[in-house]
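Predicted model, so just to flag it, every value in this text is computed and none were measured.
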Amino acid sequence: MNKWAIFDMDSTLANINTRKNLATKSGKIDFNVLFDSNLITLDQPNYKVVTLLKNLKDFGCKVFILTARPDTNMVATVEWLKENNIPWDYLRCKPYKMKFLKSNAWKEAELHTFFEVRGVSPEQVILSVDDDQRNIQMFESYGIPCLDPHYDLNTMQVR
């Protein structure tokens, strides 16, 4: 029976601060800029999270990358993952036509699809890593432990 780990992309596997700064004007994010496929190359790996992912792969764990990035970014996302030597087994981006659906609602629906289509049970998912508290609560409601990549052990708080 395969073990799985689920990872988010933006602000989890990828540090998107440069892209986010370019997309922010007067305190508001322009999502057309934020999700411009050409700008994904500006993202930097979050080495702490990437190391965790690679260590889990070394122990035979399969990796499901579940990101609310629009599927129009799929090619750029795959290229970025390959360029940064980040392995995965299954990758889902949010369909562009669902862009107004909240991330946690879409991720929960995708989790159900993952369980049904892949024949995976919640018990096989040993870990998820996500920076959104609503997603963290959703994963934990299925008994899936979830780590926040912004949690600071020194202060015991989310940064």
Side-chain angles (χ1 to χ4, degrees), residues 2-24 27-37 39-40 43-46 48-50 52-53 56-57 61-78 80-81 86-153 155-159:
N2 289 323
K3 300 289 185 193
W4 286 84
I6 301 172
F7 287 82
D8 179 42
M9 279 295 304
D10 296 325
S11 299
T12 302
L13 281 168
N15 177 328
I16 65 166
N17 289 342
T18 301
R19 192 162 37 103
K20 192 182 264 185
N21 288 339
L22 289 171
T24 303
K28 293 194 176 202
I29 295 177
D30 179 339
F31 287 95
N32 290 324
V33 174
L34 183 66
F35 293 118
D36 179 336
S37 291
L39 298 180
I40 288 176
D43 295 352
Q44 295 297 310
N46 179 343
K48 176 174 71 172
V49 178
V50 170
L52 173 62
L53 181 151
L56 289 169
K57 283 293 287 178
C61 194
K62 292 195 173 278
V63 172
F64 175 17
I65 297 176
L66 181 60
T67 178
R69 281 183 182 183
D71 59 2
T72 53
N73 290 148
M74 180 66 85
V75 171
T77 299
V78 168
W80 186 88
L81 289 164
I86 300 171
W88 78 96
D89 298 285
Y90 188 56
L91 169 65
R92 289 288 296 149
C93 292
K94 188 175 172 185
Y96 184 77
K97 65 184 178 187
M98 299 177 130
K99 67 181 176 180
F100 296 112
L101 183 62
K102 295 283 185 199
S103 168
N104 62 311
W106 177 76
K107 284 189 175 186
E108 185 166 15
E110 282 300 310
L111 189 63
H112 281 277
T113 300
F114 175 69
F115 291 151
E116 291 170 20
V117 171
R118 295 267 173 180
V120 174
S121 69
E123 296 78 26
Q124 288 176 264
V125 182
I126 63 167
L127 180 69
S128 58
V129 184
D130 201 298
D131 66 310
D132 186 314
Q133 289 302 310
R134 293 167 301 181
N135 293 331
I136 291 169
Q137 290 172 351
M138 181 273 297
F139 286 121
E140 290 178 343
S141 75
Y142 288 88
I144 300 168
C146 193
L147 299 177
D148 184 332
H150 303 290
Y151 189 78
D152 185 344
L153 282 173
T155 63
M156 305 299 267
Q157 294 182 10
V158 175
R159 291 183 266 144

List the residues meeting side chain to side chain contact (heavy atoms under 4.5 Å, CB included) with [X], not counting sequence neighbours, and say none if there are none.
X      : result
Pro87  : Leu53, Lys54, Lys57
Thr113 : Val117
Asn15  : Asn17, Gln44

Do [X] and [Y] make a side-chain contact, defined as non-hydrogen atoms from C-beta onward lying under 4.5 Å apart?
X      : Y      : result
Cys93  : Met9   : no
Leu13  : Val50  : yes
Asp148 : Gln133 : yes
Leu39  : Val33  : yes
Leu52  : Leu127 : yes
Asn2   : Asp89  : no

Got a second to check how far [X]'s [atom1] is from [Y]'s [atom2], nearest 0.5 Å?
X      : Y      : atom1 : atom2 : value
Leu91  : Met74  : CG    : CE    : 4.5 Å
Ser128 : Leu66  : OG    : CG    : 9.5 Å
Met98  : Glu110 : CE    : CD    : 7.5 Å
Thr12  : Asp132 : OG1   : CG    : 9.0 Å
Arg69  : Thr77  : CZ    : OG1   : 4.0 Å
Asn46  : Ile16  : CG    : CD1   : 11.5 Å

Tell me the closest heavy-atom pair linking [X] and [Y], and the distance in Å.
X      : Y     : answer
Ser11  : Lys20 : OG-NZ, 4.4 Å
Ile126 : Cys61 : CD1-SG, 3.9 Å
Leu34  : Arg19 : O-NH1, 2.5 Å
Ile40  : Trp80 : O-CD1, 3.5 Å
Ala76  : Ser37 : CB-O, 3.6 Å

N/O donor-acceptor pair under 3.5 Å between [X] side chain and [Y] backbone:
X      : Y      : result
Gln137 : Arg134 : no
Asp130 : Ile136 : no
Lys99  : Pro70  : no

- Item | With Trp4, the ring pair (Phe, Tyr, Trp, His ring centres under 6.0 Å) member among Phe139, Trp88, Phe115, Phe114 | Phe114
- Task: May I have the step-by-step check of salt bridge (charged side-chain N to carboxylate O under 4.0 Å, His left out) for Lys94 and Asp10, ending in yes or no?
- Result: CA-CA 13 Å; Lys94 188 175 172 185; Asp10 296 325; over 6 Å; no
- Message: For Asn73 and Thr67: C-alpha separation, side-chain torsions, deciding distance, then whether side-chain contact (heavy atoms from CB on, under 4.5 Å) applies.
- Response: CA-CA 10 Å; Asn73 290 148; Thr67 178; over 6 Å; no
- Give the ring-plane orientation class for Phe35 versus Phe31, where under 30° counts as parallel, over 60° as perpendicular and anything between as tilted.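 Parallel: the ring planes of Phe35 and Phe31 meet at under 30°.
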- Task: Classify the ring geometry between Tyr90 and Phe64 as parallel (under 30°), tilted (30 to 60°) or perpendicular (over 60°).
- Result: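 If you compare the ring of Tyr90 with that of Phe64, the planes turn out tilted.
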- Evaluate the criterion side-chain contact (heavy atoms from CB on, under 4.5 Å) for residue pair Met138 and Cys146; output intermediate values, then yes/no. CA-CA 9 Å; Met138 181 273 297; Cys146 193; over 6 Å; no
- Under the side-chain contact (heavy atoms from CB on, under 4.5 Å) rule, what do Leu22 and Asp36 come out as? Steps first, then yes or no, please. CA-CA 11 Å; Leu22 289 171; Asp36 179 336; over 6 Å; no
